[in-house]
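Quantities reported herein were computed from a predicted structural model and do not represent experimental measurements. When a residue number appears, it is its place in the shown sequence, counting from 1. In what follows, every heavy atom counts, from backbone to side chain, and hydrogens, waters and symmetry copies are set aside.
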Amino acid sequence: EEPLRVIVNPSAKEEHRIEGLVFWSESQSIGKTRELWFIRENYLYEITTYAHLDSWLAEIMDSLRFDI
């Protein structure tokens with residue numbers, strides 16, 4: 001539900017920013033979830049957490065760094 005294109009790590013330098021897709025989903029085992037999917041160097045990353053941890057996920061993802 002409600003897919004939204006986002007910059008995963010907005011505080012990174014522009015050339016290192018990663019675009020992703022964030023959306024709400026539903027899991028039979030844990031209920032409503034927040035998911036973030038993005039591609040980096042031909043790898044698909046999928047991150048899922050409880051819906052109520054949405055702002056926490058955003059903080060963590062902003063600190064994401066890849067060794068270049």
Side-chain angles (χ1 to χ4, degrees):
E1 300 173 10
E2 300 179 36
L4 179 65
R5 291 173 71 172
V6 296
I7 300 299
V8 174
N9 55 344
S11 65
K13 292 181 182 180
E14 190 168 339
E15 64 270 16
H16 298 297
R17 290 183 183 160
I18 301 166
E19 188 174 311
L21 184 70
V22 66
F23 54 94
W24 301 106
S25 191
E26 189 80 26
S27 168
Q28 289 183 356
S29 60
I30 64 173
K32 190 168 184 177
T33 61
R34 188 60 151 171
E35 295 197 34
L36 169 65
W37 291 28
F38 62 93
I39 295 173
R40 174 76 175 166
E41 296 181 1
N42 297 318
Y43 289 97
L44 173 64
Y45 294 86
E46 176 189 347
I47 300 167
T48 304
T49 191
Y50 297 103
H52 71 276
L53 296 177
D54 179 43
S55 60
W56 179 69
L57 175 63
E59 289 177 31
I60 291 171
M61 295 313 300
D62 190 34
S63 69
L64 180 71
R65 301 292 179 266
F66 285 89
D67 291 335
I68 299 173

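- A single hydrophobic cluster is not seen to contain both L36 and I7; linkage of ILVMFWY side chains at heavy-atom distances under 4.5 Å, directly or through other members, places them apart.
- Atom CG of L57 is separated from atom OG1 of T48 by 9.0 Å, given to the nearest 0.5 angstrom.
- Put simply, the residue from L44, L21, I18 that forms a side-chain contact (heavy atoms from CB on, under 4.5 Å) with F38 is I18.
- Within a 6.0 Å sphere centred on CD of E14, heavy atoms belonging to other residues, nucleotides or ligands number 12 at most.
- Under the 4.5 Å side-chain heavy-atom criterion for Ile, Leu, Val, Met, Phe, Trp and Tyr, F23 and I39 are members of the same hydrophobic cluster.
- Taken to the nearest 0.5 Å, the NZ atom of K32 stands 10.0 Å off from the OG atom of S25.
- Tested against V8, the residues R40, E19, M61 include a single side-chain contact (heavy atoms from CB on, under 4.5 Å) partner, M61.
- Between T33 and E26, the closest side-chain pair of non-hydrogen atoms is not below 4.5 Å.
- Within a 6.0 Å sphere centred on CD of Q28, heavy atoms belonging to other residues, nucleotides or ligands number 12 at most.
- Checked by atom type and distance alone, the side chain of D54 never pairs as donor or acceptor with a backbone atom of R34 at under 3.5 Å.
- Taking a 6.0 Å sphere around CH2 of W24, one finds it holds more than 12 heavy atoms contributed by other residues, nucleotides or ligands.
- Note that the CD1 atom of I47 and the CD1 atom of I60 stand 9.0 Å from one another [nearest 0.5 Å].
- No more than 12 heavy atoms of other residues, nucleotides or ligands sit less than 6.0 Å from atom OH of Y50.
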